[in-house]
Amino acid sequence: MDETFREAPPTKKRRIAEDTADMEGMEAAAAAAAATASSHVQPDRHSMHKLDRSELVRLLTQSLEDLGYRGAASTLETESGIPMELEHGKSFRTAVLEGDWTTACGLLDQLQVTPANLAVVMFAVLEQKYLELLELRELKKALHCLREEMSPLRHNVDRLHMLCGLVMCRSVEDVKAEAGWKGTGPESRGDLLSRVQKFIPTDVMMPAGRLHHLLEQAWVYQCQSCEYHNVSTDVMSLLEDHSCSRDAIPRYTTNVLKQHTDEVWHIAFSKSGRLLASASKDCTAILWSTEDGSMVQCLNGHTDAVCYVDWSPDDTQLLTCGSDNDPTIKLWDVESGTCVQTFSVHNKEVTSCAWCPDGKRFVSGSTDMTLRLWDIEGKVIQYWPGVRASDLAVSKDGLRLVVACHSRDVLIYDLETYDMKSFTETSSITSLSLSDDGSEILLNLSSAEIHTWSANTCQLLRKYHGHEQGRFQIRSCFGGVGENFVASGSEDKIVYLWHRRNQTLLEKLGGHSRSVNCVAWHPLDSAIFASGSDDNTIRVWSTRKPTSDEAAADEG
């Protein structure tokens, strides 16, 4: 596209009409405080006075017992004179794990639980007793527990009514499903101990596996603080601080996909990672093999630019969105490459679409000021007027729809109740991406900033700077192990990579010859991502250096 066309009026797709001031932001206070404690700083031996010696001894005693070194644990208690926990706490734990509910209930008064919480703990213990009796089909004893022991507590009446109804269940599996219970055994009894632990002083009863939990927290913190952390580590080392090298992140082009004859506007990996779909101004969508970069299918059918693609949850179908002169959504069979359905209700460009995880519904947004929830037969299930969507996404659990609007608003819908909450950005929003767990929203702005927001609290979390954006639609994404990185295209022909949490710019990757419009990270292989550009190509990036043949193909 030449520069004259690129500077066309705001009604053109790739023109960003608004230019707003930057907005200052900062990381959450807790994260800033945590950042001061670098994992690479060696602790001063005199700082040990900050640790409570008795707590340290108790942690070590518990860990020795967990590891099976009971003799060593007993010796440590004897020599230090510091018991791991009070006898009442030990006896209560043993009684719960052995299902001795009479003893467990009899010990509650000695566990130093506050009077306000005593009924809470008693109810939890008796509920476990009741459910285990139901599992044994000892209905008379179960009803006695419910009526004579639990009901007089006058606690959580709604839960009590639900438990009462379990007597009518036809099978044990139905009881488990209705109660959200795992059945009699160490797992459900351990869950009970975890639930009541917060009401019992730690001097009386130690939380299970406490040292292991603290070490896991330290490991997670080190991984999150490691700028280049992009490797799966099943076994952690306690003997050295964790650190990854720059070689852990993809920064080499290993393939250039060149079948498109015009600009590439959107790309998306299939859920399995075996295929990559691309949408182009050349009116086609192409499916590529991620194994060798070969073209698997070329989807012809749109009469104007294809601006968006989205894979069905099982990867058997693909949705494509058309532009102004072809404002349709097409549903394609991936294996055959045939169009099986065309949805023609929108009357202007369909900017984006997203499948629901059931594979039976999807959402579409358009510049015609409508947002629609469809079934795959073409019926509109829900309709929202007055919403001009720039981009949208559905969370993996299917409970949340997030919509970025041309008006700078971000709308968050509950897809069960259709309730909505919102927040407003400082500049025009050109793209939206959700984290895997649906908790964070990633937004590209026309002011050359990328923001992450909490989907739960609607609070701004982080800002990323360095790339160029002002005229065109640029997309970004989360990626890498634990989604530790943010990748984005840029108008200066560069792909940018940042550390997600500390916002450090890690890499500027050159190779494209025109504006980079979109990026997508491989869903299963953290060492691979792809970028699409106005130079009509898609570049595949990897952690491995290209072979001589790959390098020659790139130069060609």
Side-chain angles (χ1 to χ4, degrees), residues 92-108 113 117-200 207-209 271 312-314 355-361 373 375-376 381-382 394-401 414-419 436-439 456:
F92 176 75
R93 177 186 289 105
T94 299
V96 168
L97 293 176
E98 292 180 354
D100 183 353
W101 305 116
T102 300
T103 300
C105 292
L107 288 167
L108 289 181
V113 179
N117 292 321
L118 191 57
V120 178
V121 177
M122 178 70 81
F123 188 92
V125 173
L126 291 173
E127 178 178 324
Q128 179 75 16
K129 174 185 176 180
Y130 171 75
L131 292 172
E132 292 193 9
L133 289 170
L134 281 184
E135 186 176 46
L136 293 172
R137 306 308 294 170
E138 296 189 16
L139 300 184
K140 186 175 180 179
K141 291 182 179 180
L143 289 173
H144 180 273
C145 174
L146 193 73
R147 294 168 178 169
E148 304 301 326
E149 298 177 273
M150 299 181 70
S151 184
L153 294 174
R154 300 183 182 280
H155 172 73
N156 202 345
V157 175
D158 290 341
R159 179 73 176 175
L160 191 68
H161 289 163
M162 185 280 295
L163 293 172
C164 183
L166 297 181
V167 176
M168 306 302 293
C169 288
R170 295 184 177 182
S171 69
V172 172
E173 293 307 315
D174 289 343
V175 170
K176 293 178 183 178
E178 290 291 327
W181 181 61
K182 297 173 182 176
T184 301
E187 190 173 5
S188 66
R189 291 171 179 176
D191 289 345
L192 169 61
L193 287 171
S194 297
R195 293 200 306 274
V196 303
Q197 176 70 65
K198 61 184 178 181
F199 302 108
I200 302 172
K271 306 298 188 291
S312 65
D314 62 2
W355 286 89
C356 294
D358 59 14
K360 299 177 181 178
R361 300 170 298 153
L373 175 65
D375 65 23
I376 58 174
I381 303 169
Q382 181 69 17
V394 173
S395 60
K396 286 191 172 181
D397 60 12
L399 299 179
R400 179 178 285 163
L401 166 65
D414 184 315
L415 282 179
E416 291 187 333
T417 64
Y418 299 127
D419 291 339
D436 265 349
D437 62 6
S439 67
N456 299 318

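In this chain, numbering begins with 1 at the start of the sequence shown. A quick note: this is a predicted structure, and the numbers were derived from the prediction, not measured.
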| task | Measure the shortest side-chain to side-chain distance between K396 and P357 over non-hydrogen atoms and say whether it is less than 4.5 angstrom. | result | no
| query | If you take all heavy atoms of F123 and H155, which pair is closest and at what distance? | reply | CE1-O, 3.4 Å
| Verdict with supporting geometry, Y130 and E149, side chain to side chain contact (heavy atoms under 4.5 Å, CB included) | CA-CA 10 Å; Y130 171 75; E149 298 177 273; over 6 Å; no
| task | Kindly indicate, with the supporting measurements, whether the criterion side chain to side chain contact (heavy atoms under 4.5 Å, CB included) is fulfilled by N456 and R400. | result | CA-CA 10 Å; N456 299 318; R400 179 178 285 163; 3.0 Å; yes
| message | I want to check something: taking the side chain as every heavy atom from C-beta on, are S395 and L415 in contact at a cut-off of under 4.5 Å? | response | no
| Worked verdict on L373 versus Y418 for side chain to side chain contact (heavy atoms under 4.5 Å, CB included) | CA-CA 11 Å; L373 175 65; Y418 299 127; 3.6 Å; yes
| task | Spell out, as yes or no, whether a donor-acceptor pair under 3.5 Å connects the side chain of E135 to the backbone of T184. | result | yes
| message | In the structure I gave you, are the side-chain heavy atoms of L136 and K141 within less than 4.5 Å of one another anywhere? | response | no
| query | Taking side chain as C-beta onward, heavy atoms only, is L131 less than 4.5 Å from L163? | reply | yes
| Side-chain contact, heavy-atom cut-off 4.5 Å: V113 with I200? | yes
| note | Value for CG (D174) from CE (M168), rounded to nearest 0.5 Å, stands at 12.0 Å
| message | Rounded at 0.5 Å granularity, tell me how far OG in S312 sits from CG in D358. | response | 11.0 Å
| What's the spacing between L134 CG and E178 CD if we round to 0.5 Å? | 12.0 Å
| Mind checking whether K129 and M150 have side chains closer than 4.5 Å, heavy atoms only? | no
| query | Would a 4.5 Å heavy-atom cut-off, applied to side chains only, mark L193 and F92 as touching? | reply | yes
| Can you tell me how far the CG atom of D314 sits from the CH2 atom of W355, to the nearest 0.5 Å? | 8.0 Å
| note | In terms of heavy-atom contacts, S188 and W181 come closest through CB-NE1, 3.7 Å
| message | Give me the atom names and distance for the closest heavy-atom approach of C169 to V175. | response | CB-CG2, 3.7 Å
| field | S151 side, atom OG; L143 side, atom CG - distance, nearest 0.5 Å | value | 12.0 Å
| message | Is any side-chain heavy atom of L153 closer than 4.5 Å to one of L126? | response | yes
| Shortest non-hydrogen contact between L133 and C145, atoms and distance | CD1-CB, 4.5 Å
| query | How long is the gap from CD1 on I376 to CZ on R361, to the nearest 0.5 Å? | reply | 11.5 Å
